[in-house]
Amino acid sequence: MAVEELKHMVDAAEGREAVDILFTNAQIVDVYALRVVPGRVAVKDGVIVGVLFDPRDADVPDPAAAQVIDLGGRFLSPGFIDGHLHIESSNVRPSEYARMALARGTTCAIADSHEIANVCGLDGLSFMIEDARRSPLDIKFMMPSCVPALPDEQAGASITAADMQAFMAEHPGEIFGLGEMMNYPGVEAADAETLARIDAARATVSGLVDGHAPLVAGNDLNAYTASGVIADHECTNVDEALDKLSRGMYIMLREGTCSHDLEALAPLVVDDPRRARRCCFATDDRAPSDALAIGMIDNACRVAIASGIDELTAIAMGTLSTAECFGLDHGHAPACERRGTIAPGKRADLLVLDDLSFTRPPRAVYSAGELVARDGAFVGEVAPASARVEELEALLRGSVRLPELSAEVFDYPFVPGSAVIDVIPGNAITGAAYPDSAEGLRRIMLIERHGRGVAAQEAGADGDAPAGTGLVGKHIGRGWLRGFTIAGGAIASTIGHDSHNVCVVGDNPRDMYEAVRHVGQGGFVLVRDGSVVARLDLPLGGLMSDKPADEVAREHDEFIAAGRAAGIEPPLDPLMGMIFLPLPVIPTLRIRPEGVFDVRTMSYAV
């Protein structure tokens with residue numbers, strides 16, 4: 001901070017200089033001391049410069065202020081920080097995501113854009129950064145560490161450690177840290193390229209490395225933690241979380257649309273609230289319909305409270321704990337970057353709340369002292385798209401390059417005793433089953449969509465056989481699924497973490513074929529009896545819509561309703577419930593373009 005700026009802050013704090021906003025008659029949520037205290041809060045140039053607690057500071061006069069806001073005894077809380085998410089997985093662009101997040105009280109997001117990077121490479125990351133500039137949401141972009149997720153994945157791009165270094169040199173100060181290190185086998189094996197990517201974090205703003213280590217334990221966990229990884233959002237039980245916490249990692253209690261881990265992990269904090277300082281919240285990820293109707297980190301607070309965590313502790317986990325995890329609460333960063341609390345010298349990201357139940361959106365949301373949302377509605381400003389944003393957006397279109405396919409590719413028999421992916425609703429982890437019959441099972445296929453299959457066909461892969469049959473086991477993976485209860489239809493999607501090939505699940509080959517045939521340049525398609533009954537178009541990389549967030553949310557709701565009518569029952573989500581099935585870095589069984597993959601052994605199942 002420049003000396004002149006520091007002088008203005010000190011003068012404002014001392015009352016020698018007028019402030020921009022003075023909040024009076026507030027119930028201040030003090031996340032340091034876990035208490036609520038009546039008082040006043042002064043803001044100057046987007047930074048909190050004064051916090052006056054009553055009755056201790058009752059005799060301190062109000063500073064002169066351009067605007068005085070009487071909160072009438074309402075609560076004033078720090079803005080929420082989402083510890084880990086992928087904006088693309090909300091199916092909207094960053095400037096639209098900001099509208100949803102701010103409306104629900106999330107004022108800062110730690111975003112890993114490895115989804116669009118797996119499709120479009122660093123051009124995709126550039127688009128996310130440029131589009132985010134348009135909004136008042138403070139998004140901290142992490143450098144995708146695993147593009148592709150595993151070295152032999154059939155993704156649309158590859159980003160090496162050298163690529164990371166070059167990008168950060170060209171974009172100084174724009175990359176906050178290294179995104180989740182999903183290639184934990186590479187860390188455990190001391191793979192040179194994997195370690196070089198971790199080392200690349202030194203060139204980021206924070207120098208920090210985020211984690212992803214589901215069920216990793218013992219020496220493997222020792223090695224993973226020793227490499228410098230700071231946090232994990234993949235814990236699904238208390239013993240796993242405690243194991244990682246005791247090795248120095250922050251634990252993110254995830255509560256999103258697909259993964260609902262918070263309730264199961266809540267005893268970690270309920271049993272000993274002192275652990276809360278090393279526990280925070282993440283959505284990873286949130287569908288737009290859920291974001292607008294149910295909330296984001298505010299929803300996590302509500303679930304935490306319902307699970308027995310004290311309400312002030314829950315707020316601290318959604319604010320201070322996340323800030324401490326990422327080094328955002330103190331240090332040499334300018335005051336406009338320090339956050340997570342209501343304290344002098346911290347960014348004025350503030351929530352006005354009627355109560356601490358989080359059953360409704362905040363009464364008002366301030367980002368750096370600017371009013372951006374009121375009663376669940378975004379009221380801030382989003383700047384028009386710049387020429388650079390439009391240029392980068394154009395590069396994201398036309399990303400789907402599917403091979404020619406025949407109906408025969410989708411018709412294959414079940415082999416008794418073969419490995420079947422067992423869906424666990426509400427959990428990113430899957431199980432493994434080996435049934436004797438196909439009763440209750442569904443087909444699942446993953447079709448490479450980045451041009452490899454097209455090239456193979458041009459080289460004669462099909463021969464004289466029906467189109468696509470020569471790609472099976474190479475660029476078209478086929479398998480079986482239990483627990484995905486669609487009846488009389490099929491869903492196809494260009495979202496399939498993290499390589500985003502086309503995933504299709506159905507109970508009959510004809511509808512599966514039609515669903516893939518209609519997927520176009522990206523999105524979700526639901527087909528029943530040969531006809532498209534619902535769709536969600538996602539033309540930007542096959543991941544994001546170019547429509548407003550509320551319109552995408554409405555389309556989400558309509559698709560989910562159609563999915564429910566097709567037999568997909570809660571808690572399984574018709575959209576989010578299938579997009580993790582291709583992800584080969586979360587146990588147990590997954591679908592890849594080569595076939596069913598066992599993450600435990602890093603080999604293909606039989």
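Contacts of H556 classified as ring-ring contact (aromatic ring centres under 6.0 Å, His included), with partners at least two apart in sequence or in another chain: none. A search for salt bridge (Lys or Arg N to Asp or Glu O under 4.0 Å) contacts involving D20 returns nothing, not counting sequence neighbours. Scored by the salt bridge (Lys or Arg N to Asp or Glu O under 4.0 Å) test, D375 finds R363 as partners (sequence neighbours excluded). Under the side-chain hydrogen bond (donor to acceptor under 3.5 Å, both in side chains) criterion, D138 pairs with K140, R339, not counting sequence neighbours. Scanning for salt bridge (Lys or Arg N to Asp or Glu O under 4.0 Å) contacts around E14 gives an empty result, with sequence neighbours left out.
The closest donor-acceptor contact from the side chain of T106 to the backbone of L102 lies at 3.5 Å or more, if one exists at all. Distance alone, capped at 3.5 Å, places no donor-acceptor pair between the S206 side chain and the G327 backbone. Under a 3.5 Å cut-off, the side chain of R278 and the backbone N or O of L245 do not form any donor-acceptor pair. In this structure a side-chain-to-backbone donor-acceptor pair under 3.5 Å is present from Y224 to M181. For the pair D57 (side chain) and F53 (backbone), a donor-acceptor distance under 3.5 Å is present. Looking only at distances, a side-chain donor or acceptor of N91 sits under 3.5 Å from a matching main-chain atom of L543. Judged purely by atom type and a 3.5 angstrom limit, Q27 has no side-chain atom pairing as donor or acceptor with the backbone of R74. For the pair R254 (side chain) and T283 (backbone), a donor-acceptor distance under 3.5 Å is absent.
The aromatic rings of H84 and H86 stand perpendicular to each other, their planes meeting at an angle above 60°, with 30° marking the opposite boundary.
Cation-pi contact between R302 and F358: absent, since separation from the ring centre below 6.0 Å together with deviation from the ring axis within 45° is not met. Both tests do not hold together for R104 against F80: distance to the six-membered ring centre under 6.0 Å, angle to the ring axis within 45°.
With a 6.0 Å radius and a threshold of 12 heavy atoms from other residues, nucleotides or ligands, R275 has its CZ atom above the threshold. At most 12 heavy atoms of other shown residues, nucleotides or ligands fall within 6.0 angstrom of atom CZ in R202. Within a 6.0 Å radius of CD in E324, other residues, nucleotides and ligands contribute more than 12 heavy atoms. With a 6.0 Å radius and a threshold of 12 heavy atoms from other residues, nucleotides or ligands, D272 has its CG atom above the threshold.
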Passes side-chain contact (heavy atoms from CB on, under 4.5 Å), H212 versus Y184? Steps please.
CA-CA 8 Å; H212 167 114; Y184 49 85; 4.2 Å; yes
Without placing hydrogens or testing angles, list every side-chain donor-acceptor pair under 3.5 Å for residues 263-270, not counting sequence neighbours.
none

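Side-chain contact annotation: T257 with R286, donor-acceptor N/O pair under 3.5 Å present.
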